[in-house]
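Counting starts at 1 for both ligands and their atoms, following the listed order. Nothing here was measured: the structure is a model prediction, and the numbers come from that model. Note that these values count all heavy atoms, side chains included, but never hydrogens, waters or copies made by symmetry.
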Amino acid sequence: MRDAFVVQGGEALKGDVQLSGAKNVALKVLIASLLFENAFTFENIPHIRDVEELVNLMSKLGVSAKFTRKDTLTVDPRGLSDHTVGFLHGCRIRTSFMLFAPLLYRFGKANLPNPGGCRLGARPIDRHIDMLKSFGVQVEYDSKSGYYRAKVKGTRISATKYRFDKPTHTGTELAIMIACLASGESVIQNAAREPEIDDLINLLNRAGAAIKKFDSEIHVKGVPKLQSIEEPYKIMYDRNEAPTYASFGLATRGDIVVRGVLQNEIKHFVDKVIEVGGGVENVDGGVRFYYKGELKCANVVTKPHPGFMTDWQGPWAVLMTQAYGESTIHETVFEQRFGYVEELKKLGAHIEFFQPNIKNGKRLYQFNVDGIDKGKLSQAIKIQGRTKLHNGVLNVSDLRAGATLLIAAAVAGGESVVNGASVIDRGYEDIDKKLRMLGAKIKRV
Ligand code: EPU
């Protein structure tokens, strides 16, 4: 298997790049379509490994899901015939646990393995399980087999009023899907607010669901069934890809137009680029990011939407190695999302971990802090810039860290090897092809 990228760095990247369909929508709408009565077609579905894994997993359950054109995928849920997700398939993709919704709806029961995906800390699904219980679902975890076994009490899921202790993106989406076909009206409070959730809501409403969102409160009137619609559903572009390509442009002192995103969809990223002295301009169908002079340092705190997304902080860290002065990044969403730091240090980056003085970690941090030794928390990094990065051999720990290392390799002088191309392929469609179109010297080996 060709699982590394070789990058000859040091070129300013220039040109246009088209964003692909959003990974974090594609995975959810494919699962949601299993709630429908008949076949349904989606457009703008990215060819990424996570989608491939999900399609394989769905086919193991009897569902037919096929790409009919480059980005058009049709799912026919009528063959769904199994309520148990195979361990190996379930573990390969984190969103597999969202199959609780269609499996509980179709069979009244579901057996799902503890999910896999990028390890960004403990990443438990305790909030999801607590939410399911509130809908009257009995859930037990069998630690020997690693399976969650869930069962609907009675004949139909019953509506509920549920408040998430802390917001969760996929938890909110699962709650919405479960509530759509429950008997009665559900209210979900302290819900996550990512725009990707809105795309899922639009799809479900077009299929006959009755979902209304009022900021972080969501009202869902249960309906007896969801009907597929004739028109294909085109999902949104991947706004998390945008800061990645923008950082390729800015950090290599280049000029890149990112097509498929509006400034307000990545507002907190754009604001920071302007603060550090990068160029930003609206162009037809996208945003131009360009280097216009020395970059200044800045401090970033990641937040759930609306805020500076955790998915953007790795690319930002590379950019800050190219800015003058001391920058900080404080990660508050996941407890381990600095898997790229030791690798960047191999290229000569000056980065140190530290723990900011915070008043109420329980409130600030989105992960569960109970049980974590406070003395051991290290949720922030300091980056001293500007550093002339040199080449090296790098190892990818997770998806966004992978993209981060590619940016660093593109900035560094000389030839670098980034091991773990397949991890990057989980979420970035044709990243090497797109980068070559921007003038990067990158190949798979
Ligand atoms: N959490 C728990 N228990 C739960 C649920 C969440 O402790 O039951 C914690 C998480 O471990 C995390 C925090 O709460 O520390 C917030 O997690 P959230 O549930 O919001 O994240 P997620 O749903 O697992 C999705 C995206 C992530 C993205 C975050 C934030 C998908 C498939 N994943 O994760 O995307 O960073 O929301 O928007 O939608 C990525 O694309 O690389 C990625 C990781």
Query raised in the report: Looking only at N/O atoms, are T95 and ligand 1 under 3.5 Å apart anywhere?
Result: no
Requested in this report: Flag the pair F40 / I229 as yes when at least one side-chain heavy-atom distance between them is below 4.5 Å, and no otherwise.
Outcome: yes
**Report entry** Proximity to ligand 1 by part of E331, non-hydrogen separation under 4.0 Å
**Finding:** neither
Query raised in the report: Against heavy atoms of N368, which atoms of ligand 1 measure under 4.0 Å?
Result: 7 (O)
Report task. Compare R337, R400, K23 and give the one whose heavy atom is closest to atom 44 (C) of ligand 1. Result -> R337
Query raised in the report: According to the interplanar angle, ranging from 0 to 90°, do the rings of Y141 and Y148 count as parallel (below 30°), tilted (30 to 60°) or perpendicular (above 60°)?
Result: tilted
Query raised in the report: Do K213 and D198 sit within salt-bridge range, that is, some charged N less than 4.0 Å from a carboxylate O?
Result: yes
Query raised in the report: So, is N240 polar-close to ligand 1, with some N/O to N/O distance under 3.5 Å?
Result: no
Query raised in the report: Hey, is T168 touching ligand 1 through its side chain, its backbone, both or neither, going by heavy atoms under 4.0 Å?
Result: both
Report summary line: Within 4.0 Å of some non-hydrogen atom of F367, the atoms of ligand 1 are 15 (O)
Query - ligand 1 versus E335: contacting region, heavy-atom distance under 4.0 Å - result: neither
Query raised in the report: Side chains of D238 and S20: donor-acceptor distance under 3.5 Å anywhere?
Result: no
Query raised in the report: For R206, does the CZ atom have more than 12 heavy-atom neighbours from other residues, nucleotides or ligands under 6.0 Å away?
Result: yes
Requested in this report: Answer yes if the side chains of T41 and T74 hold a donor-acceptor pair under 3.5 Å, and no otherwise.
Outcome: yes
Query - Side-chain donor-acceptor contact under 3.5 Å, H89 with S96 - result: no
Query raised in the report: Would a line drawn from the ring center of F338 to the ring center of F353 be shorter than 6.0 Å?
Result: yes
Query raised in the report: R193 versus P167: any side-chain heavy-atom pair under 4.5 Å?
Result: no
Requested in this report: Report, in ascending order of atom number, the atoms of ligand 1 lying under 4.0 Å from any heavy atom of K28.
Outcome: 31 (C), 32 (C), 39 (O)
Requested in this report: Select one of side chain, backbone, both or neither to describe which atoms of D126 lie under 4.0 Å from any atom of ligand 1, heavy atoms only.
Outcome: both
Query - Proximity to ligand 1 by part of K166, non-hydrogen separation under 4.0 Å - result: neither
Query raised in the report: Is there at least one pair of N or O atoms, one from E173 and one from ligand 1, spaced under 3.5 Å apart?
Result: no
Query - N or O contact, V333 vs ligand 1, cut-off under 3.5 Å - result: yes
Report task. Please could you name the atoms of ligand 1 that T310 approaches to less than 4.0 Å, counting only its heavy atoms? Result -> 36 (O)
**Report entry** Interfacing atoms of ligand 1 (cut-off 4.0 Å, heavy-atom, R94)
**Finding:** 24 (O)
Requested in this report: Answer yes or no: is there an ion pair linking D425 with R444, defined by an N-O contact shorter than 4.0 Å?
Outcome: yes
Query raised in the report: Below 3.5 angstrom, do we get any N/O pair linking G171 and ligand 1?
Result: no
**Report entry** Any side-chain donor near an acceptor of the partner, T310 and E331, under 3.5 Å
**Finding:** yes
Query raised in the report: Has M131 got any heavy atom lying under 4.0 angstrom from an atom of ligand 1?
Result: no
Requested in this report: Can you sort out which atoms of ligand 1 are near H128, meaning under 4.0 Å from one of its heavy atoms?
Outcome: 4 (C), 5 (C), 8 (O)
Report task. Before signing off on this row, confirm whether E194 and ligand 1 have an N or O atom pair separated by under 3.5 Å. Result -> yes
Query raised in the report: Relative to ligand 1, is E196 under 4.0 angstrom through side chain, backbone, both or neither, heavy atoms considered?
Result: neither
Report task. Assign the ring pair Y365 / F367 to parallel, tilted or perpendicular, where the plane angle (0 to 90°) is split at 30° and 60°. Result -> parallel
Query raised in the report: Side chain, backbone, both or neither: which part of D311 has a heavy atom under 4.0 Å from ligand 1?
Result: side chain
Report task. Over 60° means perpendicular and under 30° means parallel, so classify the ring planes of F67 and H47, tilted if in between. Result -> parallel
Side-chain polar contacts of residues 314-321 - donor-acceptor pairs under 3.5 angstrom, sequence neighbours left out - could you list them?
{"from": "T321", "atom 1": "OG1", "to": "V318", "atom 2": "O", "distance (Å)": "2.5"}

Query raised in the report: With atoms numbered from 1 as shown, which atoms in ligand 1 lie under 4.0 angstrom from a non-hydrogen atom of Q366?
Result: 9 (C), 13 (C), 14 (O)
Query raised in the report: In terms of atom number and element, which parts of ligand 1 are under 4.0 angstrom from non-hydrogen atoms of M309?
Result: 38 (O)
Query raised in the report: Does the ring center of F308 lie less than 6.0 Å from the ring center of H330?
Result: no
Requested in this report: Report yes or no: does L399 have a heavy atom closer than 4.0 Å to ligand 1?
Outcome: yes
Query raised in the report: Does even one non-hydrogen atom of P124 get within less than 4.0 Å of ligand 1?
Result: yes
Report task. Return yes or no for this condition: an N or O of N24 is under 3.5 Å from an N or O of ligand 1. Result -> yes
